[in-house]
Amino acid sequence: MTDTLSVETASIPKVKRRKAVDWDGYLFIAPYLALFLLMIVTPLLIGVWLSFTKGDLFGVERFVGFENFARLAGDPIFREVVWNTLYFVVLTVPTLTILGLALALALNFQTRWAAVLRTIFFSSTVLSVTVVTLVWRLVFLPDGGLLGEISEALGQTPVAWLNDPQLAMPAIAITTIWWCLGLPMVLYLAALQQVPRELYEAAALDGAGRWRTLWSITLPAVRRTTMIVIVIEIILQFQLFGQPQLMTLGGPNNATRPIVLFIYETGWRQWELGYAAAAAQVLFAMIMVAAMAQYFVSSRKEEA
Amino acid sequence: MSGVRLSRISKRFGDVTVIDQVSLDIEAGEFVVFLGPSGCGKSTILRMIAGLETVDDGEIHIGERRVDHLKPGERGVAMVFQNYALYPHMTVRDNLAFGLKNVGTDKQVISKRIDEAAQSLEITALLDRRPGQLSGGQRQRVAIARAIVKEPALFLFDEPLSNLDAALRGRTRLELAQLHQRLGATMVFVTHDQVEAMTLADRIVVLNECKIEQIGSPMEIYRRPATQFVATFVGSPRINLLPVTVNAGTDDKAAIALPNGEQLLTAIPMAKLPEGESFTVGIRPEHARIAEDGVGEVTGTAEVVERLGERCLIYLDLGNGHKLTAEDRGGSTVKAGDTCTVKVKSSRAHLFDSTGKGWHAEGE
Ligand SMILES: Nc1ncnc2c1ncn2[C@@H]1O[C@H](COP(=O)(O)OP(=O)(O)O)[C@@H](O)[C@H]1O
Ligand SMILES: [Mg+2]
């Protein structure tokens, strides 16, 4: 008995040990895994299932297959909100990325002023959407608002930003950029501080001027951060909701109605849960595609 | 190729003076090594020459040109950093080309210079790799090649070998010496390693606490250390120091009394020594040999015996609160715990007065 046992342990100790380690690992992630399955995966799957049904809050009536999706494809309002959302993403994501980098470059100094300014620029991020939209409604208000006062002082007729179908979305984009700029800035600041000082010194000795150094040393060094910033911002800005909900109610004439507002109104105003769930799946797919496309494009570039 | 002149340069960080009125002339084609303990300001001087630190006081000339107000890129210098500082996202070739492109060098000239430098440093096969795909030694060669292609008036090295393992360090050291012979360029090299300084330098500048302690050829530094600091910093194993009393010996030479009362005659002229000072004698281990016949001046107990092959180092406790490192032949039979007698070659002894200034035998 002892003999066989010792032979066994001698021949397969590696396998045994590795298994034990694996289970230890699972134990460590178990709390998070449980929450993840319960709070994220389950609702996600329920959402997918809901999108194939017709029903309201009191229960699912019946399974309808792809009917909801077919209806979405033919829904002119849904098409409009998709365009609105894409337009908003195009307005905000590149601007947030470029401005975030520019601010980080400008404030990447160890002086007290730079520290104060960094804090100020980041502080808008911690405000709630209610406060942010309140402030910016006051800015955009045609009579008595900040921009209105300025244009009156210049002898111009004040523009009603939030009531103009052409200007309402840009106004919401400006509000959003002001609100969200802190995160890209901080991410870029962290990245810039990782660049070894010696690289800049070597570049200075190699006779590189400011722009050459920015282009050849700094930008390549923050490339990964740029990718992360863009993916994060794509995911965030596709989910635009609070700002139009509080500033324009989706108007004027649906010009600022994004997908999430559409989902919200379809689900919780018209009680068409299945239809709303289907719209949510479309949004999910759009975010995935956009984020993945960005990921592949930039990792392809890195290889080249 | 041009020399360098530092005229009373100073550097302060806040209230702390890191370099205090340092002057130095480096001749064209000379290999000068700054040697000193960590934190003594070697890198700061080098970086002031390169233009990476501002100069608070004084002037720097490279050749005939005053450079202390020029940008780093305009000084015609190339620097090799301790951590290589290669551009991580560029290929080796682009790393080498970067500085040349920035000054608008002709494309053909660039590729010719890169090929030559790559060949001489044997990195041709690595030209299309990124720094991340190279070993430490290869990176260092690339960093050196990046300096060479610029054909600078002056090469600056800041501890370029300290990240390499011992074998590679020795090899690269040799190659740097060959490089200097081949190019004949002016080179300034910073290190805290006395072996690097001794083997590479035409002249060594020993620094301590923001000041130059001594400037001299390696053998001058070793044989006639200007101060007690230089004597202890250069030479391995460390020089032996013992407090002594000095009195007139024969021939106008100074005689010394060791702590154990033994009298020795040095070759140091008595007339020049300051009077009424307390002195310390410096005896290098190779001048304190184990006396096989038992006839010698100092006796002690062997604490540790280090066998180096061609010789042995015997660390002795003299029993009066003092220690002494002595040498013996490779086949020494001394064991730890043995009592040994040491024969001191007192004609090679150095004296240091209470200010640390060194006094030596005449000649050499
Ligand atoms: N940027 C700086 N700010 C403040 N003190 C510095 C700075 N750079 C160097 N020092 C100080 O100057 C002294 C000399 O530094 P350094 O020239 O790097 O020494 P070494 O190269 O000889 O080790 C050290 O005491 C260091 O702390
Ligand atoms: Mg240093």
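Values in this document were obtained by computation on a predicted structure and should not be read as measured data. Quick note on labels: first sequence line is chain A, next is B, and so on, each numbered from 1.
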Requested in this report: Mind checking the CG-CD1 spacing from B:Leu179 to B:Ile148? Nearest 0.5 Å is all I need.
Outcome: 4.5 Å
Can you say whether [X] sits under 4.5 Å from chain A via the side chain, the backbone, both, or neither, judging by heavy atoms?
{"X": "B:Val103", "result": "neither"}
{"X": "B:Lys150", "result": "side chain"}
{"X": "B:Leu100", "result": "neither"}
{"X": "B:Arg75", "result": "neither"}

Query raised in the report: Between B:Arg203 and B:Glu27, is there a salt bridge with N-O shorter than 4.0 Å?
Result: no
Query - Test item: side-chain donor near acceptor, A:Asp206 and B:Tyr87, under 3.5 Å - result: yes
Query raised in the report: What pair of heavy atoms forms the shortest contact from B:Leu96 to B:Val149, and how long is it?
Result: O-CG2, 3.4 Å
Requested in this report: Might you confirm whether atom CZ of A:Phe121 has over 12 heavy atoms from other residues, nucleotides or ligands at distances under 6.0 Å?
Outcome: no
Query - Winner by heavy-atom pair count (cut-off under 4.5 Å) against chain A, out of B:Glu74, B:Arg146, B:His89, B:Lys101 - result: B:His89
